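One structure below.
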Amino acid sequence: MATSRNLSLTALSVLQAVAHGYRYGFDIMDATGIPSGTVYPALNRLERNGLLRSRWEAADLAHDEKRPPRRYYRITAAGAEALEEALSLLRRLERSSAPRRGAAPRPAEG
């Protein structure tokens, strides 16, 4: 199973989009700005790792709306936990890399 420490930035973005209510591929692509060739493999990996679950909508509903059926995703408890751990790690990294008040800038190496 994936943990927050081995989630890519893409996987983290997709997981967060689903957690925020974006439920199907095109919706997730719009929310994240990530292209389909990256979003769909990420969705598959996240589901395979137990962080997401999916279901297909009824074909007759899609047919009535003259479009292909959508596959709807939802975050699992393990996915919510991995997302929170990853976001917590990012916040810690952000705090540790932020310049300290009164600290002199570090010279560039080179």
Side-chain angles (χ1 to χ4, degrees):
M1 181 170 300
T3 66
S4 63
R5 296 202 182 266
N6 61 13
L7 284 177
S8 68
L9 187 54
T10 296
L12 179 59
S13 298
V14 169
L15 197 58
Q16 187 169 33
V18 174
H20 286 152
Y22 298 94
R23 299 284 182 239
Y24 58 93
F26 284 118
D27 221 12
I28 295 165
M29 289 166 26
D30 286 344
T32 61
I34 300 170
S36 63
T38 304
V39 164
Y40 287 106
L43 286 166
N44 289 333
R45 278 190 306 278
L46 289 166
E47 187 170 20
R48 193 172 50 246
N49 290 328
L51 304 180
L52 293 178
R53 291 282 179 250
S54 70
R55 68 169 178 77
W56 286 97
E57 74 175 335
D60 56 339
L61 176 62
H63 183 266
D64 290 348
E65 295 183 9
K66 298 179 179 22
R67 60 173 172 73
R70 291 177 178 152
R71 189 172 184 177
Y72 288 100
Y73 293 88
R74 66 174 178 80
I75 193 165
T76 63
E81 185 177 320
L83 176 60
E84 184 51 43
E85 287 174 9
L87 292 174
S88 177
L89 175 62
L90 284 175
R91 287 188 290 270
R92 285 193 311 271
L93 289 171
E94 190 175 68
R95 280 193 304 269
S96 70
S97 65
R100 292 191 184 118
R101 225 181 250 202
R106 297 176 77 176
E109 293 184 27

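When a residue number appears, it is its place in the shown sequence, counting from 1. What you see is a predicted model, and the numbers here were worked out from it, not measured in a lab.
A salt bridge is absent between Arg23 and Glu57: the closest approach of a Lys/Arg side-chain nitrogen to an acidic carboxylate oxygen does not fall below 4.0 angstrom.
For the atom pair Leu15 CG and Thr10 OG1, the distance stands at 12.0 Å (nearest 0.5 Å). One distance of note links CG of Leu12 with CG of Leu7; it measures 6.0 Å at 0.5 Å rounding. To the nearest 0.5 Å, the span separating OG on Ser54 from CG on Leu46 amounts to 11.5 Å. We find the CG-NE2 distance between Leu83 and His20 to be 7.5 Å, quoted to the nearest 0.5 Å. Distance check, rounded to the nearest 0.5 Å: CD1 of Ile75 to CD of Glu81 gives 10.5 Å. Between atom CG of residue Leu89 and atom CD of residue Glu94 there is a gap of 11.5 Å, rounded to the nearest 0.5 Å.
Judged as a side-chain hydrogen bond (donor to acceptor under 3.5 Å, both in side chains), and not counting sequence neighbours, the contacts of Ser88 are Arg92.
For the pair Thr76 (side chain) and Gly50 (backbone), a donor-acceptor distance under 3.5 Å is present.
A chain of hydrophobic side-chain contacts below 4.5 Å, direct or via other Ile, Leu, Val, Met, Phe, Trp or Tyr residues, connects Leu90 to Ile34.
Looking at heavy atoms from C-beta onward, Leu43 lies out of side-chain contact with Arg71 at the 4.5 angstrom threshold.
A pairwise comparison of heavy atoms in Ile28 and Ala17 identifies CG2-CB, 4.2 Å as the closest pair. Of all the heavy atoms in Ala82 and Leu51, the pair that sits closest is CB-CD2, 4.2 Å. Taking each heavy atom of Pro41 and Ser36 in turn, the nearest pair found is CD-O, 3.8 Å.
Evaluation of the ring pair (Phe, Tyr, Trp, His ring centres under 6.0 Å) test over residues 70-93, restricted to residues two or more places apart or in two chains, returns Tyr24-Tyr72.
Other residues, nucleotides and ligands contribute at most 12 non-hydrogen atoms within 6.0 Å of the OH atom of Tyr22.
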